[in-house]
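Inspection log for the structure reproduced underneath, given as structure tokens.
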There are 2 protein chains.
Amino acid sequence: MTQTRWLDEREKAAWRGFLEASHRVERRLEQQLKEQSGLSHPQYEVLVLLADAPRRELRMTELAHALITSKSGLTYQIGQLEKRGYVRRRSCPTDVRGIFAQLTDEGYEALRQAAPGHVAAVREALIDVLEPDELAVVAEALGRVGHRLR
Amino acid sequence: MTQTRWLDEREKAAWRGFLEASHRVERRLEQQLKEQSGLSHPQYEVLVLLADAPRRELRMTELAHALITSKSGLTYQIGQLEKRGYVRRRSCPTDVRGIFAQLTDEGYEALRQAAPGHVAAVREALIDVLEPDELAVVAEALGRVGHRLR
DNA sequence: AGTTCATCCTTCAAATTTGAACAACACCGG
DNA sequence: CCGGTGTTGTTCAAATTTGAAGGATGAACT
């Protein structure tokens, strides 16, 4: 291994800022959602993704990738959502192994009710804290960061 | 409640970018640390904080706040680190209730060995992906985001 | 000194997450 | 059509996280 390039002050500030912001924002959203909707953040994300998908359904694997979580973790969460009647499982016609998770009307309704509070929290925690030019950088730069790690 | 201000495309891109980046970066670091050092990210952070602290020790509550985790969660992690001999508990002289977590020499050594790989991963995942001006914005803007959520 | 209220850390049970192991199946080249 | 290889979703046990509860103490005030 070649010599370690340690982080200088500016880099350290960026790293610390990124870490703290992501933890605190996550924590805040988790709290807001649980409080006002009884949903966890992962669960909310599932509903959002399904609501935007054709026929309001997605394959388990697609969901797991989109949520950046493990397959078993998704199985668990879908199970929870199914219990509450927000999601239903449907087997895939073209692939016997495949399972579609499909948003139910109840699930859609739950999302509709949870969304305003969630968006408000996202604004308060992140979006409205950023200046327009900062917003652009976050979208562009962090978008690139996420993309490179796929 | 007044009308909901939904996110426009630019805002949504920033939010999505932020979310995906934080999840993927976290995941990558977790993997890198576990693989090359047998430490979890929270555990590594504990070691870093202690190493930088006077006498290499911090109160449990200070640590919990700094790590943005629950008190019980910290109790658990310190227990794990204690098992491995990386940390030792010391009762606080001025406050019977207080407990110091103190880094041992073994813990310091473990940190020394883990640090280069960790820093390299941080660079590869985030720091070296950002342009200098982007780095500045991330430090400044996300620093503000984290700060406002305290 | 007595009260009251906040703080400190741990314990406990419940919820969640993870990765490995599996079983069933798709897909591709021979 | 077969064998080899990769995929799909689940199950399982183990690790981790969380929040509520509790025991003990500090701190401020009367």
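A, B, ... follow the sequence lines: proteins, then strands. Residue 1 opens every chain. These figures come from a predicted structure and were not determined experimentally. Keep in mind that the numbers below use all heavy atoms, side chains included, and drop hydrogens, waters and symmetry copies.
- Here the P atom of nucleotide dA15(D) and the CZ atom of R84(B) are 11 Å apart, to the nearest Å.
- An OP1 or OP2 oxygen of dA15(C) is reached within less than 4.0 angstrom by no side-chain nitrogen or oxygen of Q80(A).
- Residues of residues 67-74 of chain B having a heavy atom closer than 4.0 Å to DNA chain D, listed by number: T69(B), S70(B), S72(B), G73(B).
- Classified by interplanar angle (parallel below 30°, tilted 30° to 60°, perpendicular above 60°), the ring pair W15(A)/F18(A) is parallel.
- Panel note: side chain R144(B), backbone V129(A); a donor-acceptor pair is recorded below 3.5 Å.
- The separation between I78(A) atom CD1 and dT11(D) atom P is 14 Å, rounded to whole Å.
- Rounded to whole angstrom, the span from the CG atom of L63(B) across to the P atom of dT7(C) amounts to 18 Å.
- Considering only side-chain N and O atoms, Q31(A) lies nowhere under 4.0 angstrom from the phosphate OP1 or OP2 of dG19(D).
- In this structure, of dT25(D), dT10(D), dT17(C), it is dT25(D) that holds the atom nearest to the side chain of D95(B).
- Atom P of nucleotide dG19(D) and atom NZ of K34(A) are separated by 8 Å, given to the nearest angstrom.
- H41(B) has its NE2 atom 12 Å from the P atom of dT17(D), to the nearest Å.
- Judged purely by atom type and a 3.5 angstrom limit, S22(A) uses its side chain to pair as donor or acceptor with the backbone of L19(A).
- The side chain of V96(B) lies closest to dT25(D) when the candidates are dT25(D), dT10(C), dC9(C).
- Remark: E11(A) engages R123(B) in a salt bridge (Lys or Arg N to Asp or Glu O under 4.0 Å) (not counting sequence neighbours).
- Ranked by how close their nearest DNA chain D nucleotide is to the 5' end, R89(A) and R27(A) are led by R89(A).
- Closest approach of Q36(B) and G117(B) over heavy atoms only: OE1-CA, 4.0 Å.
- We find that CD of E26(B) is positioned 13 Å from C1' of dT17(C), with the value rounded to whole Å.
- The distance between atom CD of Q77(A) and atom C1' of dT16(C), rounded to the nearest whole Å, is 7 Å.
- Classification of E109(B) and R112(B) as a salt-bridged pair holds, one side-chain N sitting under 4.0 Å from a carboxylate O.
- Side-chain atoms of T4(A) never come within 3.5 Å of backbone atoms of P116(B) as a donor-acceptor pair (strictly under, hydrogens ignored).
- Not one N or O on the side chain of Q77(B) forms a donor-acceptor pair closer than 3.5 Å with the backbone of Q43(B).
- The pair E45(A)-R16(B) meets the salt-bridge criterion, since a charged nitrogen lies less than 4.0 angstrom from a carboxylate oxygen.
- As a whole-Å value, the separation of I99(B) CD1 from dA24(D) P is 15 Å.
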Got a list of protein N/O to nucleotides 1-6 of chain D N/O distances below 3.5 Å?
| from | atom 1 | to | atom 2 | distance (Å) |
| --- | --- | --- | --- | --- |
| dG6(D) | N2 | R97(A) | NH1 | 2.9 |

